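The basis for the numbers below is simple: all heavy atoms, side chains too, and nothing from hydrogens, waters or symmetry mates. Reminder, nothing fancy here: chain letters follow the sequence lines and each chain counts from 1. Just so it is clear, the structure is predicted and the values come from calculations on it, not from any experiment.
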Amino acid sequence: MVKKYFILLFFVSQSLILVSQTKGRIIYRLKTDLSDLKSEKFRQDKKMVDIMTRLNKVRDSVNINLDFNGEKSLFYVDKETNLGLSNERGYDAVMSSFKIHYRNDKTEKKIKVESSDKTYLVYSNTSDVVWEITKETKKIDVFLCLKATTKIKDKHYTKGIIEKDVVAWFCPEIPISLGPNNYGGLPGLIMELNEGLLTYYVKNVNLKPDFDIDIEKPKGTLISQKDYFGEMPTITKKNIKEYIGN
Amino acid sequence: MKNVCFILALMLMGTFTFANTEVETKIKPEKIEKIIENSDTTIKITKILELEEEIYASCTDISFNWMDYALDIGLSVEVAGCLGNTAYALCTGWSASYNDCF
């Protein structure tokens with residue numbers, strides 16, 4: 001009987017060690033689809049096209065880290081990268097546009113940090129995202145990745161509640177069920193994720209970091225995604241005068 | 001400007017209505033001439049107002065296109081709103097600068 005418990009304890013401790021070893025840092029970068037800027041509706045305003053192109057250049061040159069340790073992960077922009085562009089006009093606006101995402105797979109909750117007059121922790125369940133894994137494959141670097149798709153609900157400032165298509169390319173060879181922007185739950189690391197005009201891609205994978213990875217839950221006022229969507233106004237062409245006045 | 005034009009249009013319309021009443025009582029050729037003159041002005045003003053509405057509507061479209069684009073690339077609501085407002089101001093002929101948004 002004692003021997004049985006000893007064997008069980010051995011396996012539990014071994015699996016705990018395995019869990020505690022699952023820490024690391026994945027570095028992602030962004031690639032913005034600029035083809036829209038060449039379309040008829042935009043190209044007349046050359047000044048704005050130039051500004052947007054410059055902003056996208058800044059956005060696409062910074063690292064976005066995905067730190068994970070056990071069941072917790074944090075996705076955030078690394079403000080130290082590409083400080084050479086910090087004098088670019090709009091640099092601060094770009095940097096502040098990156099949201100912090102916190103995920104805890106033990107509690108099955110994910111949090112997006114939204115800052116306005118105060119800091120909101122907008123929470124939802126990890127199970128809200130339901131993936132459809134397809135048979136389509138793609139090689140990213142040396143890894144064979146599979147395509148998965150999902151649809152998510154989001155609140156758009158001018159369009160209200162919208163449904164967005166999300167495409168993820170995940171790699172079963174890297175058994176980490178995480179990805180950018182709190183996406184995860186796939187049987188492998190998301191190497192590439194497409195959400196509208198933005199594509200996140202992996203720049204570096206570090207599974208044996210020689211630095212500490214401490215992940216703390218962000219601080220702020222907890223609010224459910226549903227309530228947050230309800231609080232956010234929708235500005236349309238019809239009601240804009242109510243907001244800006246006549 | 002929009003309000004001034006609107007008030008002007010109302011005033012002219014008022015003049016026209018008043019003149020019209022006069023026509024019914026004293027039908028004089030010179031009055032009819034004046035009515036026609038005023039009537040043309042009213043039509044012109046109405047057309048200007050219509051054109052102005054069209055410009056405002058198309059500028060609103062431009063403003064929203066840019067605001068949506070800024071939001072789609074992940075910029076904050078504040079920056080996107082500011083860029084949209086600036087695009088609208090520039091489109092309607094006001095002086096404004098996108099640089100003020102950053």
Side-chain angles (χ1 to χ4, degrees), chain A residues 30-34 36-37 39-42 44-45 47-56 58-60 64 77 88-99 114-117 154-159 162 164 181 195-198 200 232-238 240-241 243-244 246, chain B residues 1-13 45-46 48-102:
Chain A
L30 262 175
K31 198 162 50 186
T32 312
D33 181 2
L34 297 176
D36 249 28
L37 287 177
S39 69
E40 193 59 44
K41 66 176 177 180
F42 289 135
Q44 287 169 350
D45 192 343
K47 255 188 189 169
M48 186 71 122
V49 170
D50 284 350
I51 286 171
M52 290 300 187
T53 310
R54 242 182 21 234
L55 290 183
N56 286 330
V58 175
R59 284 170 63 79
D60 296 1
I64 320 159
V77 66
E88 280 275 334
R89 195 170 285 279
Y91 179 84
D92 290 336
V94 167
M95 296 308 270
S96 64
S97 72
F98 288 103
K99 310 278 183 223
E114 291 278 3
S115 300
S116 51
D117 51 330
D154 200 5
K155 176 81 184 241
H156 195 279
Y157 190 55
T158 65
K159 295 170 190 162
I162 53 162
K164 280 202 302 199
N181 277 0
E195 204 180 357
L197 297 175
L198 308 177
Y200 295 86
M232 252 178 90
T234 305
I235 312 292
T236 63
K237 287 173 196 172
K238 280 181 186 169
I240 191 158
K241 281 186 180 170
Y243 289 92
I244 61 167
N246 288 307
Chain B
M1 179 62 188
K2 195 179 165 188
N3 289 340
V4 171
C5 286
F6 184 66
I7 291 162
L8 196 66
L10 281 177
M11 282 166 69
L12 283 167
M13 277 164 81
I45 293 287
T46 313
I48 288 168
L49 287 174
E50 278 171 10
L51 199 66
E52 206 179 48
E53 277 303 316
E54 269 177 42
I55 291 166
Y56 281 120
S58 93
C59 289
T60 305
D61 284 344
I62 288 169
S63 163
F64 269 80
N65 285 342
W66 279 118
M67 202 149 65
D68 285 344
Y69 183 82
L71 291 167
D72 289 344
I73 62 163
L75 291 178
S76 70
V77 168
E78 289 76 19
V79 174
C82 180
L83 290 172
N85 281 345
T86 310
Y88 183 82
L90 289 172
C91 175
T92 50
W94 289 87
S95 70
S97 168
Y98 292 121
N99 291 339
D100 296 341
C101 296
F102 307 112

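- The most heavy-atom pairs under 4.5 Å with chain B, out of A:Thr32, A:Leu198, A:Val94, come from A:Leu198.
- Neither the backbone nor the side chain of A:Leu30 comes within contact range of chain B; no heavy atoms are under 4.5 Å apart.
- A:Asp33 pairs by the salt bridge (Lys or Arg N to Asp or Glu O under 4.0 Å) definition with nothing, not counting sequence neighbours.
- With sequence neighbours excluded, no residue forms a salt bridge (Lys or Arg N to Asp or Glu O under 4.0 Å) with A:Asp92.
- Residue B:Ala70 touches chain A through both its backbone and its side chain, counting heavy-atom pairs closer than 4.5 Å.
- A distance-only check finds no donor-acceptor pair linking the side chain of B:Ser63 to the backbone of B:Cys59 [under 3.5 Å].
- Contact of A:Lys99 with chain B is not made at all, since no heavy-atom distance falls under 4.5 Å.
- Heavy atoms closer than 4.5 Å to chain B are found nowhere in A:Ser96, neither backbone nor side chain.
- Proximity to chain A (any heavy atom under 4.5 Å) is shown, for B:Leu90, by neither the backbone nor the side chain.
- Distance CZ/A:Phe98 to CD1/A:Ile64: 4.5 Å, rounded to 0.5 Å.
- Contact check for B:Tyr88 versus B:Thr60: side-chain heavy atoms found under the 4.5 Å cut-off.
- Note on A:Leu37, A:Leu197, A:Leu55: by heavy-atom pairs under 4.5 Å with chain B, the leading option is A:Leu37.
- Looking at B:Leu75, the atoms closer than 4.5 Å to chain A (heavy atoms on both sides) sit in the backbone and in the side chain alike.
- At a threshold of 4.5 Å between non-hydrogen side-chain atoms, the residues B:Leu83 and B:Tyr69 do not count as touching.
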